[in-house]
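Below is one structure, written out as structure tokens; comments come after it.
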Amino acid sequence: MKYDVVVVGSGPAGSVTARFAAESGAKVLMVERRQEVGAPVLCGEGISKKVDEFKVLEGKRWIANNMDGARIFSPDGTMVKLSADMAGSETGYVLYRDIFDQELARGAIRAGVDLMLNTCAVDILKENGKINGIKAKQFDEEFDVEADIVVGADGVESKVGRWGGMKTTLKPYDLETCVQYTLSNVELDSAYCDFYLGKKIAPGGYVWVFPKGKDVANVGIGILASLSKPGLSLQLLDKFIDARPELKKGEPLRFLAGAVPVAEPIEAIRDNLLLVGDAARQVDPITGGGLMASIEAGMLAGETIGNAVDEQRFDEEMLSPYEEKLENTLYKKLKRNYAVKEILINMEDKTLNMLADSLKDYKFDELSTLSLLKALVSKHPSLLIKLKPLIKLSKI
Ligand SMILES: Cc1cc2nc3c(=O)[nH]c(=O)nc-3n(C[C@H](O)[C@H](O)[C@H](O)COP(=O)(O)OP(=O)(O)OC[C@H]3O[C@@H](n4cnc5c(N)ncnc54)[C@H](O)[C@@H]3O)c2cc1C
């Protein structure tokens, strides 16, 4: 087999990269080790409505619920309400993630991408030290796929980057371990995605409650791996649910366990090789949301690959516009949020409570550093010293 590009993984990052590369004229193969695109689902299924602006999805079949915004609960239960616009990358729609991934893959296929399911990349091919494809396995049969560019869109456990000599190891401090139930028979009359913070609730992470419909919700927890031990995330999630009558009588339709990188983005290009999505750690380190970033980066990756195929040059320099554009856009936000993550993780519950108390009546549609400061000073002036590093970052 001979292609211009082989994309490993058919998640959002892989499908969008494949589509944009094919639309730019490249001959693309996407391989997926699972037997169905998007399944099993490993996701809280929250996404910002800004996803519409990318224009990569047709129809509305992938939307399970339309949200008005987010509510953040501090450890003592104080609530801060954010409109969907202000709520970040995980609030706006609750998805059917399997249909969402399939719609993105359909877009790729319409653009001319070949998709092989049940096909696992098992190694990278090299000739005279130069990457020139992958070795893949379908059922028990191994075969080679030759390609000028290999794209690693193989998610959090990515191996493609490592095979290509990149440093992809994640420290426990940069990884959230997650479990989630999709509960039916819950009583939620809310148009908000809820986030619960606190060292006793979810050390280094949060509990989320995302309503998928009138009586179904995704209820999950993410804990920083460096603060976790075996079984702790499930224990804390069960405790959270047991304490809430509206959730307690729910029965799970689905259970999942997974991990999210909350690291800074890593090196994403080498000669003939490019990483995208979770594989490149393109995830918001505060929320663990990676869907928006995967799509944004996938579009840039696909366009860059298209240009490389036009020029028939596949070296690092030719692929560098991908990283350069990311540095000026997405990475600015991800790097700032990584610094904010460090501050939030070390914040005492008492400080979080004071912060929430200061912000609970704040009008977030008038968001500016000055008005935020006014809100903090008027209620808890001592917060200003504690939040100095955060205030500095807001000026980046
Ligand atoms: C519990 C949980 C909840 C989350 N909730 C949210 C949320 O609410 N909102 C949000 O924005 N983000 C959320 N995320 C993060 C989000 O799911 C990821 O950021 C997103 O899926 C990244 O997309 P991707 O295409 O890079 O990787 P993935 O979606 O993981 O896709 C990678 C694909 O590569 C395939 N693959 C891997 N290795 C190989 C191989 N060797 N050969 C062939 N195929 C291979 C996999 O089977 C998979 O299909 C959550 C993550 C978890 C674990």
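Computed from a predicted model, the values in this text were never measured in an experiment. Numbering of ligands and ligand atoms starts at 1, following listing order. Counting begins at 1 with the first residue of the sequence. Values below: every heavy atom of this structure, side chains too, minus hydrogens, waters and symmetry copies.
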Practice task
Give a yes-or-no answer on whether the side chains of Glu36 and Gln102 include a donor-acceptor pair shorter than 3.5 Å.
Solution key: yes

Exercise for the section: Any atoms of ligand 1 less than 4.0 Å from a non-hydrogen atom of Gly11? List them with their elements. Expected result: 25 (O), 29 (O), 31 (O), 33 (C)

Handout entry: Distance filter under 4.0 Å to Leu42 heavy atoms, resulting ligand 1 atoms
Key = 2 (C), 17 (O), 51 (C), 52 (C), 53 (C)

Problem - Lys/Arg cation over aromatic Tyr173: Lys341, 6.0 Å, 45° cone - result: yes

Fill in the blank from the handout: Under 4.0 Å between heavy atoms, the region of Cys178 that gets near ligand 1 turns out to be side chain

Exercise for the section: Check whether any heavy atom of Val8 sits under 4.0 Å from an atom of ligand 1. Expected result: yes

Exercise for the section: Inspect the contact between Arg270 and Glu267 and indicate whether a charged nitrogen and a carboxylate oxygen are less than 4.0 angstrom apart. Expected result: yes

Fill in the blank from the handout: Heavy-atom nearest pair, Lys55 first then Arg19, reads O-NH2, 4.0 Å

Handout entry: Val160 contact mode with ligand 1 (heavy-atom cut-off under 4.0 Å)
Key = neither

Handout entry: Residue pair Tyr93 / Asp52, side-chain donor-acceptor N/O under 3.5 Å
Key = yes

Practice task
Compute the shortest N/O to N/O distance between Ala13 and ligand 1 and return yes if it is under 3.5 Å, no if not.
Solution key: yes

Practice task
Between Ala136 and ligand 1, find which residue part has any heavy-atom pair under 4.0 Å and reply side chain, backbone, both or neither.
Solution key: neither

Handout entry: Presence of salt bridge, Asp278 and Arg281, under 4.0 angstrom
Key = no

Completion exercise
Counting from 1 in the order shown, the ligand 1 atoms closer than 4.0 Å to a non-hydrogen atom of Gly277 are 26 (O)

Completion exercise
So the atoms of ligand 1 within less than 4.0 Å of a heavy atom of Phe210 turn out to be 8 (O)

Handout entry: No-hydrogen, no-angle side-chain donor-acceptor test under 3.5 Å, Asn218 and Glu45
Key = yes

Handout entry: Tyr3-Asp114 side chain donor-acceptor pair, cut-off 3.5 Å
Key = yes

Handout entry: Aromatic centroids of Phe240 and Tyr196 separated by under 6.0 Å
Key = yes

Fill in the blank from the handout: Closest heavy-atom pair, Pro203 versus Leu227, reported as atoms and distance to 0.1 Å, is C-CD1, 3.8 Å

Handout entry: Option of least heavy-atom distance to atom 12 (N) of ligand 1 (set: Gly290, Ala39, Ala257)
Key = Gly290

Handout entry: Between Asp284 and Asn337: side-chain donor-acceptor atoms closer than 3.5 Å
Key = yes

Practice task
Kindly confirm or rule out an N or O of Ala279 lying under 3.5 angstrom from an N or O of ligand 1.
Solution key: no

Exercise for the section: Answer yes or no: does an N/O atom from Pro12 fall short of 3.5 Å to an N/O atom of ligand 1? Expected result: yes

Practice task
Report yes or no: does a heavy atom of Arg97 sit under 4.0 Å from some atom of ligand 1?
Solution key: yes

Practice task
State if Gln180 counts as touching ligand 1 under the rule of any non-hydrogen atom under 4.0 Å.
Solution key: no

Exercise for the section: Give a yes/no on ligand 1: does Gly288 have at least one heavy atom closer than 4.0 angstrom to it? Expected result: yes

Practice task
Please verify whether a non-hydrogen atom of Asp101 lies at under 4.0 Å from ligand 1.
Solution key: no

Fill in the blank from the handout: Counting from 1 in the order shown, the ligand 1 atoms closer than 4.0 Å to a non-hydrogen atom of Gly289 are 10 (C), 11 (O), 12 (N)

Fill in the blank from the handout: Atoms of ligand 1 under 4.0 Å from any heavy atom of Gly155, numbered from 1 in the order shown, are 27 (O), 30 (O), 32 (C)

Exercise for the section: Assess Val179 for proximity to ligand 1: is some non-hydrogen atom of it under 4.0 Å away? Expected result: no

Problem - Distance in Å, Arg110 CZ paired with Glu58 CD, rounded so as to fall on 0.5 Å steps - result: 4.0 Å

Problem - Gap between atom NZ of Lys60 and atom OH of Tyr96 - 0.5 Å precision - result: 14.0 Å

Handout entry: Residue portion contacting ligand 1 (non-hydrogen atoms closer than 4.0 Å) for Ser158
Key = neither

Handout entry: Atoms of ligand 1 close to Val31 [distance to a heavy atom under 4.0 angstrom, numbered from 1]
Key = 43 (C), 44 (N)

Problem - Proximal atoms of ligand 1 relative to Ser294 (non-hydrogen, under 4.0 Å) - result: 22 (C), 23 (O), 26 (O)

Problem - Any Glu32 heavy atom less than 4.0 Å to ligand 1 - result: yes

